[in-house]
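One-based numbering, in listed order, for ligands and for the atoms of each. Residues: numbered from 1 along the sequence shown. We use all heavy atoms of the structure for the numbers below, so side chains are in, but hydrogens, waters and symmetry mates are not.
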Amino acid sequence: MKVLETEFAIGFIRMATDGWNQGWHERNGGNLSYRIKKEEIDQVNEELNPGKWQAIGTEVKDLSGEYFLVTGSGKYFRNLEINPEDSMGIVEIDETGTNYRICWGLVNGGRPTSELPTHLMNHQVKKQTKGDDMRVIYHCHPANVIALTFVLPLKDQVFTRELWEMATECPVVFPDGIGVVPWMVPGGREIGEKTSELMKKYDVAIWAHHGMFVAGENFDMAFGLMHTVEKSAEILVKVMSMSKEKLQTIKPDEFRDLAREFKVTLPEKFLYEK
Ligand code: 2HA
Ligand code: ZN
């Protein structure tokens with residue numbers, strides 16, 4: 001089977017195109033990775049053509065032998081659909097978890113995303129904590145979430161609570177909450193460590209003045225989570241633009257009622273009195 005005929009490649013490209021259409025991927029902004037299942041990589045074995053091992057820049061021992069479909073460094077989401085073999089690639093992780101090699105795609109000498117360390121460290125955390133449930137890590141630059149990082153305190157409690165309040169579905173969609181990473185230099189191990197630390201608790205991490213990372217079971221869940229958080233941020237931006245104070249909102253006890261009814265656990269640290 002050809003890589004481009006597989007369900008995972010088709011889903012990956014569709015998600016990238018949807019993200020582009022949302023306006024979340026100006027120029028070469030954002031990146032996407034998918035941890036490929038054993039049976040899926042076996043399907044495309046004949047098309048794999050491993051290149052040279054190269055350093056990841058961090059260690060992800062628990063991902064040794066795994067294969068990932070990833071977007072390329074400097075590649076534009078806008079082009080993924082029309083030129084997938086140039087814009088994305090399959091990489092394999094070596095036994096030590098410190099090197100990768102390109103096995104398919106990135107045909108014009110491309111490299112995996114500059115955020116490969118963060119993607120892989122997030123995948124490792126999700127594999128450790130959720131087993132095989134989480135396969136998608138997604139990063140983009142959504143305007144409303146980024147705007148909020150200039151006016152809200154950069155605290156998990158504040159972002160989670162403010163965004164929960166903006167739409168009743170939010171606490172049901174991201175009950176564990178949202179982590180916030182202060183401004184840092186992107187593209188390396190350090191920001192990857194900080195982000196993956198938050199991914200132990202949350203499926204969403206906001207990078208101040210930069211963008212957002214989410215983890216999802218599949219493309220629908222990851223895209224839907226990004227979409228929900230960014231929509232909630234858009235409502236909050238509108239509310240804050242209209243008025244300094246909310247005349248009414250969802251109260252802590254109402255969140256507790258919601259949690260009971262929808263059978264989710266909402267950590268009490270987010271239900272503080274204001
Ligand atoms: O350009 O989004 O964080 C890709 C990025 C880097
Ligand atoms: Zn970015």
Between ligand 1 and H210, can you find any atom pair, the residue atom being a heavy atom, that is separated by under 4.0 Å? yes

Just jot down the side chain to side chain donor-acceptor pair (under 3.5 Å) partners of D156, sequence neighbours excluded, or say none.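 Once residues adjacent in sequence are excluded, the partners of D156 under the side chain to side chain donor-acceptor pair (under 3.5 Å) criterion are Y202.
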
Would you say H139 has any N or O atom under 3.5 Å from an N or O of ligand 1, going by distance alone?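 Min N/O separation from ligand 1 is below 3.5 Å for H139.
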
Any N/O of G30 closer than 3.5 Å to an N/O of ligand 1? yes

Under 6.0 Å from the six-membered ring centre of Y272 and within 45° of its axis: does the NZ or CZ of R161 meet both? yes

So which protein heavy atom does [atom] come closest to, and at what separation?
atom	result
atom 6 (C) of ligand 1	E115 OE2, 3.1 Å
atom 5 (C) of ligand 1	N31 ND2, 3.5 Å
atom 1 (O) of ligand 1	N28 O, 3.1 Å

In terms of the angle between their ring planes, are F213 and W207 parallel, tilted or perpendicular, with boundaries placed at 30° and 60°? tilted

Output yes when a side-chain donor or acceptor of Q124 lies under 3.5 Å from a complementary backbone atom of K61, and no otherwise. yes

Sorted by chain and residue number, which protein N/O/S atoms are under 2.8 Å from the Zn ion (ligand 2)? H139 NE2, H141 NE2, H210 NE2

Ionic contact status for E162 with K246, cut-off 4.0 Å: yes

Which bit of T113 gets closer than 4.0 Å to ligand 1, counting heavy atoms only: side chain, backbone, both or neither? neither

Is there a path from M15 to L4 through hydrophobic residues (I, L, V, M, F, W, Y) whose side chains come within less than 4.5 Å of each other?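 Yes: a chain of side-chain contacts under 4.5 Å links M15 to L4.
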
Can M221 be reached from V229 by stepping across I, L, V, M, F, W or Y side chains whose heavy atoms are under 4.5 Å apart? no

Applying ring pair (Phe, Tyr, Trp, His ring centres under 6.0 Å) to F223 and not counting sequence neighbours gives W24, H227

Got a sec, which residues hit ring pair (Phe, Tyr, Trp, His ring centres under 6.0 Å) with F270, two or more places apart in sequence or on another chain?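 For F270, the residues satisfying ring pair (Phe, Tyr, Trp, His ring centres under 6.0 Å) (neighbours in sequence not counted) are W164.
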
